[in-house]
Amino acid sequence: QVQLVESGGGLVQPGGSLRLSCAASGFTLDHYAIGWFRQAPGKKREGVSCISSGDGITHYADSVKGRFTISRDKAKNTVYLRMNSLKPEDTAVYYCAAAHSVCSDYDDDFGSWGQGTQVTVSS
């Protein structure tokens, strides 16, 4: 069964860093793109970053470019999201999700989702 489990969220001060992990099981990263999404209370879910299968091409939302880095460790079947220079507006539940092969701008293309991990950026 396809499963995604996020971890690494927590409370961090503005300017701090966190690394989120998305551990995949039931499928290989060779065949699935992994995206990171986030949703803050009262706001729409938004795509944050994505890494495609095969070529490993990465994508970032403009709001996080230069601050967040997505990467993968195929041996561990895990995708990471390194978040630096965190801002209060980064506060949200972060989800990872899997799409077939390529990244997409559309949430519906991601068929499997993790349970989410809370990231809170506050003093």
Side-chain angles (χ1 to χ4, degrees):
Q1 182 180 7
V2 174
Q3 282 192 303
L4 298 169
V5 179
E6 303 97 333
S7 62
L11 175 64
V12 64
Q13 293 185 336
S17 298
L18 286 173
R19 188 181 72 163
L20 306 183
S21 298
C22 175
S25 62
F27 66 97
T28 174
L29 297 181
D30 288 340
H31 300 117
Y32 288 86
I34 300 295
W36 284 98
F37 299 80
R38 65 187 182 187
Q39 188 167 25
K43 295 195 173 184
K44 298 178 181 178
R45 185 169 60 201
E46 62 174 336
V48 176
S49 185
C50 188
I51 185 165
S52 63
S53 65
D55 54 20
I57 294 175
T58 59
H59 305 264
Y60 299 94
D62 288 342
S63 60
V64 306
K65 283 183 179 178
R67 299 189 297 121
F68 291 11
T69 303
I70 190 169
S71 62
R72 64 186 178 187
D73 185 335
K74 289 188 175 182
K76 296 181 179 179
N77 220 38
T78 298
V79 171
Y80 303 96
L81 184 68
R82 180 69 182 181
M83 306 183 295
N84 295 325
S85 301
L86 284 162
K87 305 174 181 179
E89 51 262 46
D90 295 318
T91 296
V93 177
Y94 283 71
Y95 301 88
C96 64
H100 191 263
S101 295
V102 298
C103 293
S104 173
D105 292 334
Y106 303 100
D107 292 9
D108 288 347
D109 289 335
F110 291 82
S112 298
W113 293 77
Q115 83 291 341
T117 185
Q118 177 71 48
V119 172
T120 302
V121 184
S122 176
S123 298

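Note that the structure is a prediction, hence the values are computed from the model and not measured.
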**Item:** Any donor-acceptor pair under 3.5 Å from Gln39 side chain to Ala92 backbone
**Value:** no
**Prompt:** Within a reach of under 6.0 Å around NZ of Lys76, are more than 12 heavy atoms found that belong to other residues, nucleotides or ligands?
**Reply:** no
**Prompt:** Between Trp36 and Phe68, is the gap from one ring center to the other below 6.0 Å?
**Reply:** no
**Message:** Is the ring pair Tyr32/His100 parallel, tilted or perpendicular, if the boundaries are 30 and 60 degrees?
**Reply:** perpendicular
**Message:** Looking at Glu6 and Gln115, would you say the former's side chain and the latter's main chain have a donor-acceptor pair under 3.5 Å?
**Reply:** yes
**Item:** Over all atoms of both residues, closest heavy-atom pair of Leu29 and Ala24
**Value:** CD2-CB, 4.4 Å
**Asked** Does any non-hydrogen side-chain atom of Lys87 lie less than 4.5 Å from one of Val121?
**Response** no
**Asked** With side chains defined as the heavy atoms from C-beta onward, is the minimum distance between Val119 and Met83 less than 4.5 Å?
**Response** yes
**Complete:** Closest heavy-atom pair, Ala23 versus Thr78, reported as atoms and distance to 0.1 Å, is CA-OG1, 3.9 Å
**Message:** What I'd like to find out is whether the side chain of Ile34 reaches to under 4.5 Å of the side chain of Arg72, using heavy atoms alone.
**Reply:** no
**Asked** So, does Ser53 use its side chain to make a donor-acceptor pair with the main chain of Ser101 at under 3.5 Å?
**Response** yes
**Prompt:** Going by heavy atoms in the side chains, are Leu11 and Ser122 under 4.5 Å from each other?
**Reply:** yes
**Request:** Verify the cluster assignment for Val12 and Val48: are they in a single hydrophobic cluster under the rule of side-chain heavy atoms below 4.5 Å apart?
**Result:** yes
**Message:** According to a hydrophobic-cluster definition based on side-chain heavy atoms being under 4.5 Å apart (Ile, Leu, Val, Met, Phe, Trp, Tyr only), do Ile51 and Tyr60 belong together?
**Reply:** yes
**Request:** Kindly indicate whether the side chain of Leu4, heavy atoms from C-beta on, has any atom under 4.5 Å from the side chain of Phe27.
**Result:** yes
**Prompt:** Could you state the interatomic distance from SG (Cys22) to OH (Tyr94), rounded to the nearest 0.5 Å?
**Reply:** 14.5 Å
**Fill in**
Closest non-hydrogen contact found for Ser52 with Cys103 is N-SG, 3.5 Å
**Item:** Heavy-atom pair with the smallest gap, counting every atom of Gly47 and Ala61
**Value:** O-CB, 3.4 Å
**Fill in**
From the list Val64, Leu81, Leu20, Val93, side chain to side chain contact (heavy atoms under 4.5 Å, CB included) partner of Arg38 resolves to Val64
**Asked** If you take all heavy atoms of Phe110 and Ser104, which pair is closest and at what distance?
**Response** CE1-O, 3.5 Å
**Which atom of Asp109 lies closest to which atom of Ala99, heavy atoms considered** = O-CB, 3.3 Å
**Fill in**
CG (Asp105) and SG (Cys50) are apart, to the nearest 0.5 Å, by 9.0 Å
**Request:** Would you please test Leu86 and Gln13 for side chain to side chain contact (heavy atoms under 4.5 Å, CB included) and show each step?
**Result:** CA-CA 8 Å; Leu86 284 162; Gln13 293 185 336; over 6 Å; no
**Message:** Distance alone, cut at 3.5 Å: any donor-acceptor contact between the side chains of Asn84 and Ser17?
**Reply:** yes
